[in-house]
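Computed from a prediction, not measured in an experiment: that's the story for all the values here. A note on names: the letters A, B, ... follow the listed sequences, proteins ahead of strands, and every chain is numbered from 1.
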Amino acid sequence: MNRTNAFQFSREQKSMQMKQKIEQMILAAAHRAREAGALPSADFPEVQVEEPKLEAHGDFSTNLAMTMASAQKMAPRKIAEIIVEHIHDPENFLLRTEIAGPGFLNFYLAPESWLPVLERVYREDTAFGRTNIGNGERVQVEFVSANPTGPLHVGHGRGAAVGDAVASILSACGYDVQREYYINDSGRQIRTLGRSVYLRLLQLWDRPVEFPKDAYQGQYIAELAEEILDARGKEIDALDEEDAVAECARYAASRILSGIREDLTAFGVKYDRWYSEQHLYDSGQVADAIENLRRTGQVYEKDGALWFKSTDFGDEKDRVVVRSNGETTYFASDIAYHQEKYERGFSRVIDVWGADHHGYIPRMSAAVQASGRDKDQFHVILVQLVNLLRGGEPVAMSTRAGEFVTLKDVVDEVGKDAARFLFLTRHYESPLDFDLELAKQKTNDNPVYYVQYVHARITSIGKKADEKGVAAAGWDPEAAKVLQELEEIALIKALARFPLVLQTAARLMEPHRIAYYLMDLASGFHAYYNKHRVLTDDPVLTRGRRCLVEAVRKVIRNGLDLMGVSAPEQM
RNA sequence: GCGCCCGUAGCUCAGCUGGAUAGAGCGCCGGACUUCGAAUCCGUAGGCCGCAGGUUCGAAUCCUGCCGGGCGUACCA
C-alpha cells in the first residue's frame with residue numbers, strides 16, 4: 001500500500017495536513033541547502049515526520065539528519081544545523097526549531113497554526129477524515145459467511161464488527177468497497193442439518209430413533225422440527241426418507257439463514273450481496289473452474305481423487321478438489337468462488353475468517369495465484385476467538401452440545417453499540433475476553449459510554465447555549481483566535497490526527513485504531529471540560545470554545561460511525 | 001514433529017512496520033460536584049517489554065535459538 005508521503009491532497013493549501021506541511025518544509029530546506037553547496041550529496045532519504053510522544057520534543061520531529069548521515073558523510077547534528085539554517089517559513093508557522101539528542105529536529109508550532117484544522121472540520125463535516133488514497137480501487141470484503149446450520153454466536157459477532165468496520169474504513173479512504181456474505185448452502189453440512197431436523201421430527205412422532213453424535217445437537221434443531229411438523233408434517237411424512245431429509249434441509253437452512261440476516265441487521269451490518277454456494281454449482285462455475293485447472297495442468301489424479309497442486313504456490317501439501325467418490329470438496333467451490341470475485345472486477349479481495357481456519361490460507365492463496373492473480377490481491381484477516389465471561393467467570397460454550405450464547409442474546413442483553421465497540425477494542429489477532437456484565441456497565445470501565453458520553457455532553461452544551469442565545473454554532477475564525485489554552489491546542493492537535501489515524505487503519509486494516517483514537521480524544525475532551533467552562537460571560541471566548549467542542553463532537557461522530565456505533569444526543 | 005498467532009504494570013491491553021525517559025484503562029491509595037451532564041476529572045504508586053544471542057548510531061518492534069499458552073496440521077466445513 002501507499003507510503004504516507006504518497007497521499008494526495010488536491011485541495012487548496014490550507015486544507016493540507018500539518019504533518020505534510022512540515023515534511024515539505026524540511027524537504028525544501030534540504031534541497032536549498034544542497035543548492036547552496038552546504039550538503040555534499042543530493043541523495044535524500046524519505047523525510048519521516050512524526051509526532052513525538054513527549055511534549056518537550058515539540059509538535060513534530062524528524063530524524064532526517066540521522067538517516068542522511070551516511071550519504072552526506074557528516075555528523076547528524078551538523079546536518080541538522082544546516083537544515084535549520086535553510087528552513088523557509090514565510091507564514092510564521094513555526095514558533096521555534098531545535099536540535100536535540102543524537103540529531104532530531106524538533107519543531108514547535110505557533111498555537112494559531114493549528115486553527116485551520118478547525119476550519120477544515122467545519123467545512124468537511126461528515127467527510128472530515130475521509131481521503132482518496134484508495135483512488136476508487138475496487139475491493140471486496142467478505143465476512144461472517146457462517147454456515148446456515150445454526151444461529152450466529154459471539155465469535156461471528158466479532159467477525160461482523162471487524163469486517164464491517166474494515167469495509168467502512170476502506171470506503172472512507174476512497175476505496176470502492178463491497179460487503180459480501182458467502183452462503184454455504186450446499187454440501188455435507190446441509191445434509192447433516194436436514195438429517196438432524198428429520199430425526200427430531202421422527203422423535204416428535206414417537207418413532208424410535210437414535211440421535212447420533214455428529215448431528216447438530218442444539219435446541220433450535222428440535223424447534224425447527226416442531227415448526228415443520230406444524231407447517232407441513234403430513235407432506236413430509238408421505239415422502240421417502242431421502243426426500244424428507246432434503247426437504248427438512250431446505251426448510252431449516254432457509255429459516256436459519258433468515259435468522260442470520262435478522263441478527264446481522266439488528267447488529268447494524270448491511271451487506272451489498274449474499275452469494276450462494278449452490279449457485280456456483282447450478283451455474284456450472286465449479287465444474288468450469290476444475291476444468292480450467294485441468295487444462296492448465298495444475299491438477300492431477302491420485303488414489304481416485306483429483307488433487308490441486310497447491311504446493312506449486314507454497315502450500316505444504318497438495319489438496320483434494322474432487323474426492324474419490326466423485327463429490328467435490330468445499331475447497332473446489334471456494335476456488336470457483338474466488339476466481340469469480342476477481343472476474344467481477346475486484347482488484348483486491350479481503351476475507352475475514354475465524355482464526356481456527358488459518359491452516360486454510362496457503363491453499364486459498366495458492367488457488368488465487370493459480371488463476372493468475374497476484375498474491376497481494378488476496379488478504380485474509382484472521383479474527384481470534386472470543387472468550388465470553390460473565391462477571392469474570394467463563395460462560396459455558398459448547399458447540400458440540402449446542403450450548404452457546406448467540407449473537408442475538410448478546411445484542412439483546414448489552415446492546416449493539418457496546419458489543420460493536422468492545423469487539424473493536426482489541427487488535428483482531430488478540431483473543432478477546434468479552435464480559436457481559438462489564439459490557440452493560442455504564443461507567444469508566446466501559447469505553448463505549450466513555451466516548452458516547454462526550455457526544456451527548458457536547459450536544460447538551462449546544463442546546464444550553466442555544467437556549468441562552470449566547471453563542472452561534474459554526475466556524476468562527478475571529479472567535480477561534482481566542483483558543484490559547486494548553487488543553488485547547490491539545491484538542492485541536494488531536495482532531496488534526498484523525499485523518500492520519502484513519503489512513504493507518506485503512507492501510508493496516510486495523511479498526512481498533514479508531515477505537516483507541518476515540519478514547520484518547522474523549523479523554524482529552526473530558527479533561528478540558530473539567531478544567532474550563534465553555535459557556536462563559538465573555539461572548540467571544542464562548543463562541544470560540546463552542547466552536548472547538550462542536551468540532552470535537554463532529555469528529556467523535558465520524559469515528560463512531562466508522563465503527564458502526566451510534567452517537568447519541570442524550571444518554 | 002511441522003506451521004500460524006500470542007507473551008509488555010497486579011488484571012485487560014495499546015505502542016503509528018527501527019527512534020529520544022515504554023503508554024492507557026481497570027484495580028489500590030488520596031483528592032474534586034451550589035456553576036455547561038460526576039456515565040466525569042486531578043494526583044501517587046506500580047516494568048530485566050517471556051529468556052538468550054545477533055543486526056546498528058538506536059530494538060518492545062527486525063533475524064536466530066529456546067521457554068510458556070492458544071489454534072491448526074482430513075478425500076470435514
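Remark: B:C71 base-pairs with B:G3; criterion is Watson-Crick or G-U wobble with both hydrogen-bond distances under 3.5 Å. If you check B:G46 for Watson-Crick or wobble pairing at under 3.5 angstrom, you find it has no partner at all. Here B:C51 sits opposite B:G65 as a Watson-Crick or G-U wobble pair (both hydrogen-bonding atom distances under 3.5 Å). With a cut-off of 3.5 Å on both pairing distances, B:A59 has no Watson-Crick or G-U wobble partner at all. Nucleotide B:A14 forms a pair with no other nucleotide shown, judged by Watson-Crick or G-U wobble geometry with both contacts under 3.5 Å.
Contact detail for A:V448 and A:A418: the closest heavy-atom pair is CG2-CA, 3.6 Å. Residues A:A161 and A:F423 come closest through the heavy atom pair CB-CB, 3.7 Å. For the residue pair A:I461 and A:V534, the shortest heavy atom distance occurs at CG2-CG1, 4.0 Å. Closest heavy-atom contact between A:L483 and A:I489: O-CD1, 3.6 Å. Here the closest heavy-atom approach between residue A:L491 and residue A:G524 is recorded as CD2-C, 3.8 Å.
For the P atoms, the distance from B:C6 to B:A14 is 10 Å, rounded to whole Å. With P as the reference atom, B:U8 and B:C2 are 25 Å apart, rounded to whole Å. Rounded to a whole angstrom, the distance from the C1' atom of B:A59 to that of B:U21 is 16 Å. Rounded to the nearest Å, the gap between the P atom of B:A24 and that of B:G58 is 28 Å. Separating the P atom of B:C63 from that of B:U40 is a span of 41 Å, rounded to the nearest Å. Atom P of B:G15 sits at a distance of 15 Å from the matching atom of B:G23, rounded to the whole Å. For the P atom pair drawn from B:C13 and B:G70, the interatomic distance equals 15 Å after rounding to whole Å.
Neither OP1 nor OP2 of B:A77 sits under 4.0 Å from any side-chain N or O of A:Y330. At B:C75, one or more side-chain N or O atoms of A:K317 fall inside 4.0 Å of OP1 or OP2 (strictly under the cut-off). Dashed line: the shortest gap from a side-chain N or O of A:T504 to OP1 or OP2 of B:C16 is not under 4.0 Å.
Comparing A:T425 and A:R533, the nucleotide of RNA chain B nearest to each residue sits closer to the 5' end for A:T425. Heavy-atom distances to RNA chain B give each of A:E51 and A:V322 a nearest nucleotide, and the one nearer the 5′ end belongs to A:E51.
Taken from OG in A:S186 to CD in A:Q189, the straight-line distance is 7.5 Å, to the nearest 0.5 Å.
The residue A:P76 sits apart from the nucleic acid: no heavy atom pair falls under 4.0 Å. Contacts of A:A456 with the nucleic acid, taken as non-hydrogen atoms under 4.0 Å apart, include base atoms. Using a 4.0 Å heavy-atom cutoff across all strands shown, A:H357 reaches at least one base atom of the nucleic acid. Among the protein residues, A:Q384 comes within range of the sugar-phosphate backbone only, with heavy atoms under 4.0 Å from sugar or phosphate atoms but none that close to a base. Here A:N63 lies in heavy-atom contact (under 4.0 Å) with a base. Across all strands shown, A:R426 has heavy atoms under 4.0 Å from sugar-phosphate atoms exclusively, and none from any base. In this structure, A:E487 reaches neither bases nor backbone, as no heavy-atom distance under 4.0 Å exists between it and the strands shown. Looking at heavy-atom distances under 4.0 Å, A:H358 makes contact with a base. At the heavy-atom level, A:S324 lies under 4.0 Å from base atoms of the strands shown. Among the protein residues, A:H455 comes within range of no part of the nucleic acid, since none of its heavy atoms lies under 4.0 Å from any strand. Note on A:S61: a base of the nucleic acid sits closer than 4.0 angstrom, heavy atoms only. Counting any heavy atom pair closer than 4.0 Å across all strands shown, A:K468 reaches no nucleic acid atom. Here A:A465 lies out of heavy-atom contact (under 4.0 Å) with every strand. Residue A:N106 is classed as a base contact, given a heavy-atom separation below 4.0 Å to a base.
Closest approach to the A:T67 side chain among B:C5, B:C42, B:G19 is made by B:G19 (side chain taken as heavy atoms from C-beta onward). Here the side chain of A:K464 is nearest to one of B:G37, B:C13, B:C16, namely B:G37. In this structure, the nucleotide among B:C41, B:C16, B:G19 sitting nearest to the side chain of A:F104 is B:G19. Closest approach to the A:D356 side chain among B:G19, B:G72, B:U12 is made by B:G72 (side chain taken as heavy atoms from C-beta onward). Nearest nucleotide to the A:L535 side chain, out of B:C36, B:G3, B:C13: B:C36. Closest to the A:H427 side chain, of the nucleotides B:G72, B:A14, B:G19, is B:A14. When distances are taken from the side chain of A:N147 to each of B:A77, B:C16, B:A39, the shortest belongs to B:A77. Comparing atom distances between the A:Y529 side chain and each of B:A39, B:C36, B:C5 picks out B:C36 as nearest. Here B:C75 is the nucleotide among B:G15, B:U73, B:C75 with the atom lying nearest to any side-chain atom of A:V320. Between B:A77, B:A39, B:G3, one nucleotide has an atom nearer to the side chain of A:Y449 than all others, and that is B:A39.
Note: CG (A:L432) to C1' (B:C71) measures 16 Å, nearest angstrom. Taking atom CD on A:E98 and atom P on B:A20, their separation rounds to 16 Å, with Å as the unit. Atom CE in A:M66 sits roughly 10 Å away from atom C1' in B:G18 (whole-Å rounding). Regarding A:M571, its CE atom lies at a distance of 12 Å from the C1' atom of B:U40, rounded to whole Å. The interatomic distance linking A:N530 (CG) with B:G43 (P) rounds to 12 Å, in whole Å. Here B:A74 presents its P atom at 14 Å from CG of A:D318, a figure rounded to the nearest Å. The distance from atom CG of A:D537 to atom P of B:C36 is 14 Å, rounded to the nearest whole Å.
Below 30°, between 30° and 60°, or above 60°: for A:H279 and A:Y275 the angle between ring planes is above 60°, a perpendicular geometry. Between A:Y182 and A:Y337, the two ring planes are parallel [angle under 30°; tilted spans 30° to 60°]. Ring geometry, A:F331 versus A:F308: the interplanar angle falls from 30° to 60°, so the pair is classed tilted. Classification of the A:Y529-A:F525 ring pair by plane angle, with boundaries at 30° and 60°, yields tilted.
Side chains of A:Y108 and A:E98: a donor on one and an acceptor on the other come within 3.5 Å.
Remark: ring of A:H57 overlaps the six-membered base ring of B:A20 in a stacked fashion, centroids less than 5.5 Å apart, planes less than 30° apart. Stacking of the aromatic ring of A:Y450 onto the base of B:A39 is not found under the criterion of centres within 5.5 Å and planes under 30°.
More than 90° away from 0 lies the glycosidic angle of B:C67, which makes this nucleotide anti.
A heavy atom lying under 4.0 Å from RNA chain B marks the following residues of residues 511-521 of chain A, by number: A:H512, A:R513, A:Y516.
A heavy-atom distance below 4.5 Å is not found between the side chains of A:I190 and A:R250.
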